Trainee: 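Submitted below is the structure of interest, expressed as structure tokens.
Quick note: numbers below take in every heavy atom, side chains included, and nothing from hydrogens, waters or symmetry partners. This one's a predicted model, so the numbers in the text were calculated from it and none came from an experiment.
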Amino acid sequence: GPTYDENADFTLEGDISIDGSSTVYPITEAVAEEYRYVAPNVRTTIGVSGSGGGFKKFSRGEIDISNASRSIKEGEAEAAHENGIDYIELSVAYDGLTIVVNPKNTWAKDITVAELKMLWEPAAQNKITRWNQVRPEWPNRPINLYGAGVESGTYDYFTEAIVGKSHASRGDFTASEDDNVLVQGVSGDINALGFFGYAYYEENKAQLKAIPVDDEDESNGKGPILPSLESIKDGSYAPLSRALFLYVSSKAIKKPQVVRFMDFYFENAGPLSREVGFIPLPDEKYKHEHEKFKQFVAKHTISATTGGNTDTTKIAQ
Amino acid sequence: MSKKNYKLEAKSLNAYYGNFHALKDINIAMEEKAVTAFIGPSGCGKSTFLRTLNRMNDYIDGFRVEGEILLDNRDIYGKDVRVDELRKEVGMVFQKPNPFPKTIFENVVYGLRIQGIKDKRVLAETAETSLRQTALWDEVKDKLDKSALALSGGQQQRLCIARALAISPSVILMDEPTSALDPISTAKIEELIYELKKDYTIVIVTHNMQQAGRVSDQTAFFYMGELVEFSKTKIMFTSPKHERTQNYITGRFG
Amino acid sequence: MSKKNYKLEAKSLNAYYGNFHALKDINIAMEEKAVTAFIGPSGCGKSTFLRTLNRMNDYIDGFRVEGEILLDNRDIYGKDVRVDELRKEVGMVFQKPNPFPKTIFENVVYGLRIQGIKDKRVLAETAETSLRQTALWDEVKDKLDKSALALSGGQQQRLCIARALAISPSVILMDEPTSALDPISTAKIEELIYELKKDYTIVIVTHNMQQAGRVSDQTAFFYMGELVEFSKTKIMFTSPKHERTQNYITGRFG
Amino acid sequence: MRVQEKIIEGLLWLSAVITILVTVGIIWVLLSESLTFFEEVSIVDFLTDTQWTPLFADKHFGILPLVAGTMLTTAIAIAVALPIGLTIAIYLNTYAPPAFRATIKPMLEILATIPTVVYGFFALTVVTPFLQSFIPNLAGFNSLSAGMVMGIMIIPMISSLSEDAISAVPKSLREGAYGMGATKFQTAFGVLVPAASSGILVSIILAISRAVGETMLVAIAAGQQPRLTANPLVPIETITTYIVQVSLGDVPHGSLEYRTIFAAGLTLFVFTFTLNNISFWIRKKYQEKYD
Amino acid sequence: MTNSELNRLKDKAFQGFGIFCTLIGLVVLAIFLLNILIDGLGRIDWNFLNNLPSRRAERAGIYTAWIGTLWVLVLSSLIAFPLGISAGIYLEEYGKKNRLASFLEVNISNLAGVPSIIYGLLGLEIFARMMALGGSLLAGSLTLALLVLPIIIVTTRESIKAVPRSIRDASYALGASKWQTTWYQVLPASFGGILTGVILALSRAVGEAAPLIVIGALAYVPFAPSSPMDEFTVLPIQIFNWISRPQAAFATNAAAAIIILLFITFMLNGIAVYLRNKWQKKVKW
Ligand SMILES: Nc1ncnc2c1ncn2[C@@H]1O[C@H](COP(=O)(O)OP(=O)(O)OP(=O)(O)O)[C@@H](O)[C@H]1O
Ligand SMILES: Nc1ncnc2c1ncn2[C@@H]1O[C@H](COP(=O)(O)OP(=O)(O)OP(=O)(O)O)[C@@H](O)[C@H]1O
Ligand SMILES: [Mg+2]
Ligand SMILES: [Mg+2]
Ligand SMILES: O=P([O-])([O-])[O-]
């Protein structure tokens with residue numbers, strides 16, 4: 001059988017179910033994997049339904065934690081409240097949505113936001129199908145698009161930032177919730193152009209080529225800018241950098257294994273998010289988020305005390 | 001026919017395979033503890049008749065009988081008759097030896113096992129008795145737990161007879177029991193039939209006139225689904241009433 | 001044997017199926033434009049011999065021949081002989097009529113087609129000639145484009161003969177060509193054989209003594225792979241040299 | 001005793017009848033979800049719209065792109081498997097020595113027992129890169145390599161079943177042709193193949209049905225982009241891949257998205273059901289012909 | 001004459017082509033297996049079999065996957081074998097040649113041709129949703145059980161059909177009932193054939209991924225299931241997951257897992273072939 005950490009807590013038991021963003025998945029996966037050595041008897045499952053899919057389940061109370069690459073929407077929040085679920089949003093890392101092409105692509109050296117809009121907006125469907133339609137200097141060859149699936153926060157964010165309207169894009173591209181599929185698609189297709197979270201680019205640098213994006217706004221850096229640790233941190237990689245979140249429900253924190261998991265998350269998110277290719281938050285920010293979480297836990301333990309059964313409260317106190 | 005008590009009787013028996021009229025108004029009465037031989041050209045209905053005697057044809061789609069077959073004066077096609085009980089009373093031996101692919105012992109006691117008898121002593125005793133009756137005991141007593149399929153054809157056929165005897169029937173039906181065997185095995189089986197008729201009523205179908213002559217007390221000659229002639233074997237073979245019988249027996253046709 | 005020129009000759013022919021010695025040292029010489037009948041009990045090697053005459057046995061695994069078969073003095077098992085050419089020279093008709101599941105016309109011209117002949121006129125003419133030769137023309141001329149399978153058995157067999165004639169062979173081998181047919185069809189085929197021998201050398205295997213007597217000029221009697229007797233049919237049927245032949249012809253065995 | 005017999009017979013009957021329940025279950029599941037789907041989406045759009053974008057803001061529900069993707073991979077697979085499979089069948093039947101045939105046939109059948117994810121891996125990591133070395137425009141996901149590998153996979157279906165059919169042609173026909181001086185080649189194509197045509201047809205139809213329903217191979221190697229194209233070099237999406245793709249996202253029950261996979265499934269089922277019934281019908285008819 | 005030469009040429013050419021095609025199949029198979037062996041063999045070790053999934057390819061193992069596969073095999077066997085064998089017995093021994101029987105026959109032949117993903121949809125709606133089993137082992141096993149049912153029924157029928165009439169006659173003649181005859185004679189005599197079919201069914205089930213993905217089997221299940229209600233993953237899904245990861249190290253893992261999967265599949269098929277041969281030799285009626 002597998003081996004465990006020497007300080008492992010074998011008394012901690014039960015399930016943690018996590019679902020949602022594929023962008024956040026690598027960090028959460030890494031945390032969960034390390035957590036396994038600490039709490040070997042806790043069963044953590046992580047799904048990849050995209051931020052939207054995750055929120056749907058989260059607001060129905062089917063999962064404990066939702067990975068999200070965007071904030072919860074009004075509708076989703078309402079649904080959660082209707083089901084008696086209170087939640088907290090916690091930032092865990094920064095991401096820069098990366099525009100990638102095949103390494104053999106010699107012509108695409110940069111791209112402007114306007115060009116991206118022209119390429120991705122709904123009107124482009126079945127019309128903009130060749131590289132030279134985007135920029136006349138580019139060769140007359142087909143352009144194959146790969147992008148995040150519609151349940152994903154990445155998709156929402158990208159359409160919002162580029163097209164100007166959330167959830168509006170052309171429909172004739174390879175859309176997958178699984179960013180690995182996109183990486184594979186772009187890395188095997190000389191005519192490809194795609195976008196996905198920075199971590200997937202970092203992990204697969206050898207098979208991809210990122211192209212710098214120019215938002216034609218001098219105020220946040222001049223000319224085309226590549227996503228990198230610095231440009232994402234300092235906000236010059238606009239408009240495609242963003243924060244990544246975890247959502248934890250008020251029901252989930254009644255489970256000690258979830259609380260311990262979240263503690264573990266904040267203790268380790270910095271190095272782990274770096275390891276899997278994301279840009280960590282500053283340390284004080286992690287402390288701050290952790291504190292926020294602790295207060296959330298405290299609040300719900302107290303509200304349980306006032307509103308609930310006194311016997312169990314005494315034990316809890 | 002006299003009001004004598006017969007072991008097996010058929011009264012106005014007609015049998016059909018679908019539309020095909022295989023047995024036509026058969027009337028026959030067979031005596032107890034005697035050997036009756038059925039003879040006749042191929043396809044005349046001998047096997048069909050034999051198999052109606054223990055209702056083996058029940059499973060054939062479209063087969064049906066009219067008339068009566070009386071076993072000890074009771075109609076075996078009657079409503080209250082249970083086929084499994086009937087078959088325990090009327091055993092059967094087939095043309096090709098058909099031992100089960102099991103041990104010799106399991107073959108002999110199969111009939112008992114399915115009756116739910118589990119007592120080891122009873123099983124062993126019955127097996128020995130039956131195998132002795134068929135003169136097989138000495139040949140197989142050391143390999144009762146060996147597969148029956150390893151026996152020779154003649155031994156297999158005697159095993160099948162032993163298997164039939166083990167559930168102590170009173171009638172034994174045999175459908176050309178020696179036609180697949182060599183002359184020596186055939187002789188052994190004929191001998192056995194001669195022994196068995198002391199205790200059992202035996203009906204045997206045969207294509208071999210000499211065999212019919214040797215083993216049977218009475219002979220029935222069938223032709224195209226009809227019972228042409230039925231009489232004591234000696235009489236039939238020396239002075240048959242019908243020309244057809246005569247022709248058949250002397251080998252002029254069939 | 002004299003130094004006469006024969007159409008077909010076998011010299012010290014031995015044939016084997018694996019280890020089984022099917023033909024034993026056959027020596028025979030058949031005249032041109034004559035009908036030779038092969039007779040003998042089942043399994044004696046008639047078909048085997050017939051089929052070595054056009055090397056139809058080539059495809060049977062483990063079959064091999066020793067000795068020579070001369071067609072017009074040329075060994076058909078010689079190195080430079082091509083089987084397809086040989087078969088065009090030596091046509092064959094089988095026991096069961098085996099028309100291809102195609103139209104009547106396509107059946108007749110099949111041999112020409114596979115030779116690559118495409119000229120419609122040639123095909124049509126040959127078809128008519130062959131069908132006339134087999135007296136089938138009037139019966140089928142209005143339905144040449146109908147399936148050959150719709151013909152009666154006798155017509156099918158004549159079609160198969162017509163098909164063989166269409167590639168103008170000089171020898172025709174027939175393996176019990178009428179055994180699957182009714183008497184009327186048989187008579188027609190026998191008549192046809194009689195007609196054909198004006199132009200062709202014919203070898204026919206038959207189980208029917210009367211047929212051998214009626215159609216053949218010479219007869220060969222085989223027994224257990226050996227050629228027992230070969231002579232003019234009239235002589236063979238009236239005064240056979242061997243007792244076996246005598247017994248077989250009069251139907252005392254086989 | 002009799003009662004026990006009856007009970008046992010009843011249980012056995014029940015087991016047999018469960019197979020009907022399975023069919024009923026499949027049809028019911030597909031139909032009931034699809035009916036709700038068709039309340040929202042007109043069936044005319046479903047059958048005629050040339051775009052399939054049910055997940056996007058601008059929703060289109062034309063199944064044609066998925067059908068086209070399915071047809072394309074199937075056509076490529078059959079284009080590979082039919083000539084090769086049929087040639088193998090004829091070769092094994094008329095040319096190859098019996099001992100050779102006896103060993104080769106089961107060896108080829110191994111091809112059909114390999115799990116299809118494995119073929120997907122093969123298509124994606126070996127065949128596509130290989131093809132890209134001389135078709136530079138070939139995308140990483142494409143129907144060409146998926147179809148070709150699927151063709152390899154279904155070779156044994158065609159070769160084995162066709163060989164059986166050719167063996168069943170009466171020997172007399174074969175001899176008739178040889179007797180006329182036909183070569184093996186002429187005998188095979190002029191007589192045997194036509195005579196065995198129904199059996200060969202059955203094998204082809206079953207192979208098509210298998211190819212249409214194949215999932216993991218195309219999901220891995222053919223792409224996830226529904227588009228109405230006959231171009232084998234670009235990513236496409238098959239009906240089966242769409243179902244897998246949506247399932248991987250773990251669709252919430254009751255959503256329109258959830259129902260699209262049933263509508264797609266129904267389409268797939270109609271195809272394979274029709275094909276299977278045609279082959280069953282041909283088989284029945286063909287058996288009667290030879291009996 | 002030229003025509004005849006042409007014909008012979010065609011004949012020879014086709015023979016060559018025939019050999020070529022036969023070899024293509026085998027050569028592709030060989031290339032394929034070789035490729036996978038080269039890629040993956042070095043990766044297989046004790047840890048690979050014993051490790052939980054991991055984001056780091058070198059540390060990842062197939063422990064949960066093969067345990068899940070084992071569970072699924074056992075559970076779906078428990079469901080499918082009794083059902084399939086009973087149905088086969090009914091159709092061959094009991095079912096009269098009536099309308100129902102011929103309908104059942106068409107129906108089973110149809111079921112055998114239904115794509116596996118459709119079974120997935122059935123399982124999703126009936127087992128996962130209506131019976132609320134979710135993406136559990138039980139839901140997966142039920143789905144696969146239905147999937148292999150036609151295979152089991154068909155092979156059961158074939159092997160029962162091969163038992164000679166005379167054995168049944170002998171049993172009936174000794175007073176055995178239909179069920180006794182079936183149970184004591186027909187089934188033991190056809191056991192080899194049935195077992196062969198059952199193993200072939202297992203080898204089919206072991207390679208299926210699509211229906212399990214549809215009912216919601218998860219890729220990241222970092223624990224071995226311990227009850228039928230647990231979530232699970234199986235080897236083909238684990239392979240699928242690794243294949244879809246772009247990093248080369250995961251492709252190596254996929255190849256290694258494929259070797260294990262192929263080993264299981266080939267072993268099952270090998271056992272089936274062995275049993276078939278052994279039984280054919282042993283029983284000669
Ligand atoms: N299952 C069946 N279905 C239809 N007809 C049958 C069936 N069994 C036998 N028959 C027909 O019934 C007739 C009598 O058959 P039966 O087997 O009783 O003849 P038999 O006298 O025993 O012949 P043999 O000496 O060849 O065993 C035959 O014409 C046979 O074709
Ligand atoms: N393909 C074969 N393989 C092995 N032995 C064969 C083969 N064909 C025929 N034989 C054997 O060769 C012997 C001669 O057979 P052949 O067919 O020539 O006899 P036949 O005289 O034509 O008999 P029939 O009158 O029954 O047609 C027989 O003993 C037969 O069993
Ligand atoms: Mg994403
Ligand atoms: Mg996603
Ligand atoms: O991170 P997403 O999977 O929601 O794009």
Trainee: For a side chain to side chain contact (heavy atoms under 4.5 Å, CB included) check, start with the C-alpha distance between Ile114(D) and Phe266(E), then their side-chain angles and the critical distance, and finish with the verdict.
Mentor: CA-CA 8 Å; Ile114(D) 296 175; Phe266(E) 288 166; 4.1 Å; yes
Trainee: For chain D, which candidate among Leu122(E), Ile108(E), Thr265(E), Leu121(E) shows the most heavy-atom pairs at distances under 4.5 Å?
Mentor: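 The answer is Leu121(E).
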Trainee: Can you tell which part of Val118(D) gets under 4.5 Å to a heavy atom of chain E, answering side chain, backbone, both or neither?
Mentor: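 Looking at Val118(D), backbone and side chain both touch chain E.
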Trainee: Select one option (side chain, backbone, both, neither) describing which atoms of Leu262(E) are under 4.5 Å from chain D's heavy atoms.
Mentor: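 Side chain only.
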Trainee: Hey, which of Trp281(D), Trp28(D), Phe273(D), Phe121(D) has the most heavy atom pairs under 4.5 Å with chain E?
Mentor: Phe121(D)
Trainee: Which bit of Ile213(E) comes within less than 4.5 Å of chain D, counting heavy atoms only: side chain, backbone, both or neither?
Mentor: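 For Ile213(E), heavy atoms of backbone and side chain both lie under 4.5 Å from chain D.
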Trainee: Is it the side chain or the backbone of Ile152(D) that comes within 4.5 Å of chain E heavy atoms, both, or neither?
Mentor: side chain
Trainee: Can you say whether Phe32(E) sits under 4.5 Å from chain D via the side chain, the backbone, both, or neither, judging by heavy atoms?
Mentor: both
Trainee: Please classify the contact between Phe103(E) and chain D as side chain, backbone, both or neither, with a heavy-atom cut-off of under 4.5 Å.
Mentor: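 For Phe103(E), the side chain is the part near chain D, not the backbone.
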Trainee: Out of Asn269(E), Val273(E), Ile89(E), Leu91(E), return the one with the most heavy atom pairs under 4.5 angstrom to chain D.
Mentor: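 Highest number of pairs under 4.5 Å: Asn269(E).
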Trainee: Under 4.5 Å heavy-atom distance to chain D, tell me which part of Val106(E) shows up: side chain, backbone, both or neither.
Mentor: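 Interface part for Val106(E): both.
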Trainee: What part of Leu124(D) is in contact with chain E, defined as an atom under 4.5 angstrom from a non-hydrogen atom: side chain, backbone, both or neither?
Mentor: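 Only the side chain of Leu124(D) comes within 4.5 Å of chain E.
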Trainee: Between the side chains of Asn7(E) and Thr183(D), is a donor N or O closer than 3.5 angstrom to an acceptor N or O?
Mentor: no
Trainee: Which answer fits Thr215(D), side chain, backbone, both or neither, if we ask what part of it has an atom under 4.5 Å from a heavy atom of chain E?
Mentor: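 Contact with chain E is through the side chain of Thr215(D) alone.
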Trainee: Classify the angle between the aromatic ring planes of Phe14(E) and Tyr95(D) as parallel (below 30°), tilted (30 to 60°) or perpendicular (above 60°).
Mentor: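 Tilted.
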Trainee: Is the closest basic N to carboxylate O distance between Glu105(E) and Lys284(D) below 4.0 Å?
Mentor: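 Salt bridge flag = yes for Lys284(D) with Glu105(E).
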